[in-house]
Amino acid sequence: MAKRAKNLKTPDKSEEVAGPSTDPATNLLLADMVMRAGSYVVRDVVERTMLRGRYGKNTAREIVANKTLGQTAVSFVLAKVATRSLPGALLVGGGSVVKILFDRSQKRRAAKRQGDQQLLDQADGE
């Protein structure tokens with residue numbers, strides 16, 4: 001455990017702790033839980049919205065619901081790398097640009113068919 005700096009002091013007893021609990025560690029834990037839960041909800045809504053125009057509401061919901069553990073892990077790792085440092089953000093951003101350029105270089109119809117087939121298989125739970 002990290003040692004506390006000597007120049008830090010605990011707040012006076014008269015100072016109020018912001019949040020529902022009188023324990024600041026509990027309030028920090030609650031805030032973290034609320035922010036993470038909110039980010040999961042927002043992510044699901046954004047993913048479904050992006051897919052809904054092409055695949056319809058129910059199929060988009062199934063595609064998002066049937067993501068594999070591998071897909072989730074890759075997304076998590078890439079997000080962590082991108083948010084930890086500027087070099088990480090550049091690496092992930094650069095990789096994304098390369099993937100987009102590669103996708104665009106493929107024959108459009110073949111790329112659309114392949115992507116459609118992957119997502120429809122995912123919606124079916126295969």
Side-chain angles (χ1 to χ4, degrees):
M1 190 173 238
K3 290 185 178 181
R4 205 159 99 188
K6 292 183 180 190
N7 61 351
L8 294 178
K9 64 177 187 116
T10 57
D12 293 335
K13 291 181 181 180
S14 62
E15 293 182 36
E16 290 292 319
V17 176
S21 174
T22 56
D23 183 354
T26 301
N27 289 335
L28 184 61
L29 176 66
L30 290 171
D32 187 47
M33 288 178 359
V34 167
M35 288 190 303
R36 286 181 193 272
S39 72
Y40 292 142
V41 170
V42 169
R43 183 178 58 238
D44 281 350
V45 169
V46 169
E47 288 174 344
R48 281 185 281 139
T49 301
M50 291 177 72
L51 295 169
R52 186 174 33 218
R54 183 172 181 94
Y55 300 103
K57 186 176 183 178
N58 292 332
T59 304
R61 180 177 291 127
E62 291 299 318
I63 290 169
V64 172
N66 290 328
K67 283 194 310 187
T68 65
L69 182 59
Q71 291 169 325
T72 303
V74 167
S75 296
F76 177 78
V77 168
L78 290 175
K80 279 293 186 186
V81 168
T83 58
R84 292 286 172 144
S85 66
L86 181 58
L90 293 173
L91 180 69
V92 172
S96 298
V97 169
V98 169
K99 174 65 171 139
I100 290 167
L101 292 174
F102 174 77
D103 289 346
R104 288 179 172 257
S105 73
Q106 302 299 305
K107 293 184 179 179
R108 289 185 185 263
R109 289 184 191 153
K112 282 183 180 180
R113 279 195 304 268
Q114 181 184 3
D116 284 343
Q117 190 59 48
Q118 286 175 336
L119 291 176
L120 292 173
D121 288 346
Q122 186 173 325
D124 292 336
E126 294 178 9

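These values consider heavy atoms only, across backbone and side chains, with no hydrogens, waters or symmetry-generated copies. Numbering starts at 1 and runs along the sequence shown.
Atom CG of residue N66 and atom CG of residue L119 lie 11.0 Å apart, to the nearest 0.5 angstrom. With rounding to the nearest 0.5 Å, the separation of CE in M35 from CG in L30 is 11.0 Å. The distance from the CG atom of N27 to the CG atom of D32 is 12.5 Å, given to the nearest 0.5 Å. Rounding to the nearest 0.5 Å gives a distance of 12.0 Å between OG of S105 and CD1 of I100. Taken from CG in L91 to CZ in R84, the straight-line distance is 15.0 Å, to the nearest 0.5 Å. In this structure, CG on N58 lies 11.0 Å from CZ on R48, to the nearest 0.5 angstrom.
More than 12 non-hydrogen atoms from other residues, nucleotides or ligands lie less than 6.0 angstrom from NZ of K67. Surrounding CG of L69 are at most 12 heavy atoms belonging to other residues, nucleotides or ligands under 6.0 Å away.
Put simply, V92 and V77 are part of the same group of oily side chains (I, L, V, M, F, W, Y) that touch within less than 4.5 Å, one to the next. Cluster annotation: L90 is not connected to V98 through the hydrophobic network of ILVMFWY side chains, with a link wherever side-chain heavy atoms come within less than 4.5 Å. Residues L120 and V64 share a single hydrophobic cluster, defined by chaining ILVMFWY side chains whose heavy atoms lie under 4.5 Å apart. Note on V81: it clusters hydrophobically with V74, by side-chain heavy-atom contacts below 4.5 Å among ILVMFWY residues.
What you find for A89 and A82 is that their closest heavy atoms are CB-O, 3.4 Å. The two atoms that bring A25 and D23 nearest to each other are N-OD1, 3.0 Å, heavy atoms only.
D116 is listed as a side-chain neighbour of R54, based on a closest heavy-atom distance under 4.5 Å.
Partner Q122 forms a side-chain hydrogen bond (donor to acceptor under 3.5 Å, both in side chains) with one of E62, Q117, Q71 and no other, that one being Q71.
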